[in-house]
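The next block holds one structure in the form of structure tokens; read it before the comments.
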Amino acid sequence: MKKKFFILDGSSLLYRAFYALPLLESKSGEFTNAIYGFSNMLVKLMTEWKPDYLVIAFDAGKKTFRNEMFAEYKGTRKPTPPELLSQIPLLHEMAEAWGISLVELPGYEADDIIGTLANKAVDNGCEAYVVTGDRDALQLVKPDLSVLFTKKGISELKVYDVTAFQEEYDGLDPIQLIDMKGLMGDTSDNIPGVPGVGPKTASKLLAAYGSVEEVLLHIEEIAGKKLQENIRENQQMAILSKKLATIRLDVPVEFDDTAFKITTAGNELTRFYTRYNIKSMLKAIQPFISEGVAVEAASEERLPECQVINDASAAKKLVDECRQAGRISAAAVFSGKIPSVALTGLGVAVNGKRYFVDVSTKGDFGQDSLFFDENAAENELWKILKVLFSDESVVKYIHGLKNYYHANVEVTGKVYDLELIGYLLNPASSKYDVSELAAAFAPTLTAPEKGTDIYNNVSWQAFALEHFSEDMLHQLEEKELEKLYNDMELPLVDVLADMEKNGIYVNRKNLHEQSVAVGKTIADLDKEIRELAGMDFNVNSPKQLGEVLFEKLGLPVIKKTKTGYSTNAEVLNQLRGEHPVIEKILSYRLWTKLKSTYLDGISQLIDSGTNRVHTSFNQTVTATGRLSSSDPNLQNIPVRTEEGKKIRQLFEPGAGYDYLLSADYSQIELRVLAHMSQDENFIKAFKNNEDIHARTAAEVFGIPMEEVTPTLRRHAKAVNFGIVYGISDYGLSQDLGITRKEAAGYIDSYFEKCKGVKTFIDKVVEDAHAKGYVQTAYGRRRELSSINSSNYMQRMLAERMAMNTPIQGTAADIIKLAMIKAHKMIKDAKLKSRILLQVHDELVLEVVESELEAVKSILKDAMENIVSLSVPLSIDISMGKNWAEAK
DNA sequence: ACGGTCACG
DNA sequence: ACGTACGTGACCGTA
């Protein structure tokens, strides 16, 4: 029996699969529907056709080429959706996972590779099969060479052998298809053909003469004067069109008896479909993979029973097992609030087994923090187990390291916090809890149902961590993020834990007094507003307020929102003078914001034990690498208005400390921009320690520094901000209240003067389009999946993110490193002073008088010298008896 | 749960 | 013609 050689048209199948299936997205953000469809096709071929050889032909070359290729398909000239383009690298991965050769040759189209190889396979004594969604391939049909044409998307295949072809094409010889095209053309492929010749005429001519060349030799005989004339005038076109339609059979590729055989390695295949979360495929591939892997894929059913450790000897045995394995995967349960947190339960996984240990001090595990007792004796089982976390020979795979620090667990040696690693791999995700990570990295592991008891739940988490950590670390290495983890995110955990534990003192008495006073102000304003409006309503309700202002009072509508009238500050400011109530409403808004968010909001979060607020610094929230702060958010305490500053006054040094000290980077983002862009003007200005916005104004408006007015400086400042945010003329015009044209003019002259910035921004955006992600100077990555979107708005947004992220993110990286260094220096110097807050470009410390100079010099060193850029980094230090004074 | 609003860098 | 500045979190009212 002849061996079967299959060659697949990669681009046409990918395209068909993409449009046949709804858009699927893996947990880590890649689109996968085309890959899913393609995979189903492979499975179908493998089971129903049992090929001996199978290869995929694909077009090599630039993305733009691929763009055109897809764009011309089916006569639609729409740009190829980025969601499809983004799956091309996955196609390569998929082929590799299957052990299938992917044949690409720069300068040759997939069609020609397919034609050549199919024919060579036939010459080698094979039956050749071309699998494609492109009808042009039918010209290849001959004895022993069939075309499998996709139908209904890709779910069915129609077989064209010589007989089937001739049945459908009325006795035409397959190779005559190219003569057909030569005569009638093909609009979708931009092949012109002969005007006035359609399928009917072309068939008739070919039936009579056999080929384009023969037709041209017999022009005089052709019936119909107009037709004769058309053919005569378009002889060249007919020949060229035929040539364009002809699949070449002379591509320099050889039939490779070894490489073209399928060498499916089961674990690669499992890993691939696991990574992209294509669950159904994990079942479908079972017949093709070895037994060992089948077991791994079926682990869903093989979740071991949770063993509960409740005596010392079992605990010791577990310690021994982890030590011998050199690793522990653990998920912990904590109770209590910072600064009083206790570890109360521990799930452990090792060697594919899972355990649960109840380590709560009173054996009341599952109760909440009300039962926390810091004087309670340490749990006996925990005493035995905790040594694992400080054993240098044991690698720890855990989740949420900061909580361990809060619970005073000593964790040393090699530690992998999979939460942090998940964040580095995809900072755009919103959650990194174990079940979320499992869904992304180990989709065969089904998370326990809601309501599952804590023993099973936590031990499952440990089991899951052991299961997918290897894959995550592999990706960390592939994306070159290890350094970022080891030198930045991991050491930062200790710093943040200390800051959160420290908290910041709040003057409760003053806070309460302010709250009462502001409450009175608000009540008065509320009354006045209702009187001025002539009716009762809830001023806090934008809906009701809108109705009062724009319907009852008939004020002009400035702007609308999705749901109704806009009543924001910008709108209200424009309505000032139209009605006396407007002023009152603005004032009401200001005071209620202060009271509800800052006075009463923070009041609720003051720890009654320490009289301090212990914010959470979230390390895995922002897409750019910044920290965020919550419960309460101490990164948005008012500072811009006088009323707001009163809030800052409430934050004071605690007992035993003398001052709050603030150290903030001067213009760090613009300095980063100067460094990354190597723009001469910016570098010079920063090196000379000039007022950067004034310098920008001088350059952009072409005047000497002395003539820069405050207004011009303000405008230049706005442009600088705009650059950092990802400039758009519209945004700038809104900010400055100028026309869009004027804004565009500003941007033009800015780029004219700052060529380096222009070049840099263009390069960043271009790279983002090519790679689908952007990076900070330290290699932190942010995926921008909509950067090639066909939706203008989405694409523009992604481009602004592309411009902003390297700048904002690099600045965030720098201050993170500075925090680590400052924290260490303070510790090494055994100072009592300590870091309390980080506000993106500022650190707030609590200091004792005697250490002032030491602290200042440490901060200067740590913050200014942490990295050497092309421009100096500079910090301003100020201090006072409260946070408002330290500004 | 979501949109509108507003506080910060 | 379209309609946006980048990154966050908390509160309120409304669905």
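We name chains A, B, ... by the order of the sequence lines, and we start the count at 1 in each one. Just so it is clear, the values below take in all heavy atoms, side chains as well, and ignore hydrogens, waters and symmetry mates.
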Rounded to whole Å, how long is the line connecting atom [atom1] of [X] with atom [atom2] of [N]?
X	N	atom1	atom2	result
A/Asn568	B/dC6	CG	P	6 Å
A/Gln808	C/dA5	CD	P	15 Å
A/Ile875	B/dG9	CD1	P	17 Å
A/Glu669	B/dC8	CD	P	17 Å
A/Leu736	C/dT4	CG	C1'	15 Å
A/Ile807	B/dG9	CD1	C1'	14 Å
A/Tyr730	C/dC6	OH	P	12 Å
A/Phe721	C/dG7	CZ	P	15 Å

| query | Under 4.0 Å between a side-chain N or O of A/Arg589 and OP1 or OP2 of B/dT5? | reply | no
Does A/Arg626 put a side-chain nitrogen or oxygen below 4.0 Å from OP1 or OP2 of C/dC6? no
Practice task
Report the C-alpha distance between A/Arg834 and A/Asp498 in whole Å, list the side-chain angles of each, state the deciding distance to 0.1 Å, and finish with yes or no for side-chain contact (heavy atoms from CB on, under 4.5 Å).
Solution key: CA-CA 9 Å; A/Arg834 51 194 188 167; A/Asp498 274 355; over 6 Å; no
- Tell me whether the guanidinium CZ or amine NZ of A/Lys559 lies under 6.0 angstrom from the six-membered ring centre of A/Tyr565 and within 45° of its axis.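 No cation-pi geometry.
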Under 4.0 Å, counting only non-hydrogen atoms across every strand here, what does [X] touch: a base, just sugar-phosphate, or nothing?
X	value
A/Val839	sugar-phosphate
A/Leu634	nothing
A/Ala718	base

Worksheet item: With A/His406, which residues qualify under ring pair (Phe, Tyr, Trp, His ring centres under 6.0 Å), at least two apart?
Response: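 Ring pair (Phe, Tyr, Trp, His ring centres under 6.0 Å) check on A/His406 returns nothing, list empty.
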Do [X] side-chain atoms and [Y] backbone N/O form a donor-acceptor pair below 3.5 Å?
X	Y	answer
A/Lys816	A/Gly625	yes
A/Gln838	A/His840	yes
A/Arg648	A/Ile637	yes
A/Gln619	A/Leu420	no
A/Tyr659	A/Ala886	no
A/Glu864	A/Ile875	yes
A/Asn788	A/His769	yes

Would you say that more than 12 heavy atoms from the other residues, nucleotides or ligands in this model lie under 6.0 Å from the [atom1] of [X], or not?
X	atom1	result
A/Lys584	NZ	no
A/Lys479	NZ	yes
A/Lys501	NZ	yes
A/Lys763	NZ	no

Mind listing the residues from residues 569-583 of chain A sitting with a heavy atom below 4.0 Å of DNA chain B? Number order is fine.
->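 By residue number: A/Ala569.
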Given the [atom1] atoms of [N] and [M], what is the spacing between them in whole Å?
N	M	atom1	value
B/dG3	C/dT4	P	14 Å
C/dA5	B/dC2	C1'	23 Å
C/dC2	B/dA7	P	31 Å
C/dG3	B/dG4	P	15 Å

Once base and sugar-phosphate atoms are separated, protein heavy atoms under 4.0 Å mark nucleotides 8-15 of chain C, 5' to 3', with B, S and - as SBSSSSSS
Checking A/Asn618 against A/Ser630 for the side-chain contact (heavy atoms from CB on, under 4.5 Å) test, could you report, in this order, the C-alpha distance in whole Å, the side-chain angles of both residues, the deciding distance, and whether it holds? CA-CA 7 Å; A/Asn618 313 304; A/Ser630 58; 3.1 Å; yes
Numerically ordered, the residues 791-804 of chain A set in heavy-atom contact under 4.0 Å with DNA chain C is A/Tyr792, A/Met793, A/Leu797, A/Arg800, A/Met801, A/Asn804
**Asked** Which residues in residues 545-566 of chain A have at least one heavy atom lying under 4.0 Å from any atom of DNA chain C?
**Response**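 Residues of residues 545-566 of chain A under 4.0 Å from DNA chain C: none.
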task = Would you please classify the geometry between the A/Tyr746 ring and the A/Phe701 ring as parallel, tilted or perpendicular, with 30° and 60° separating the classes?
result =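 Ring orientation of A/Phe701 relative to A/Tyr746: perpendicular.
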Here DNA chain C, pairs taken as Watson-Crick or G-U under 3.5 Å and shown with ( ), [ ] when crossing and | when to another strand, reads .....|||||||||.
Would you please test A/Val613 and A/Phe651 for side-chain contact (heavy atoms from CB on, under 4.5 Å) and show each step? CA-CA 10 Å; A/Val613 283; A/Phe651 294 86; 4.2 Å; yes
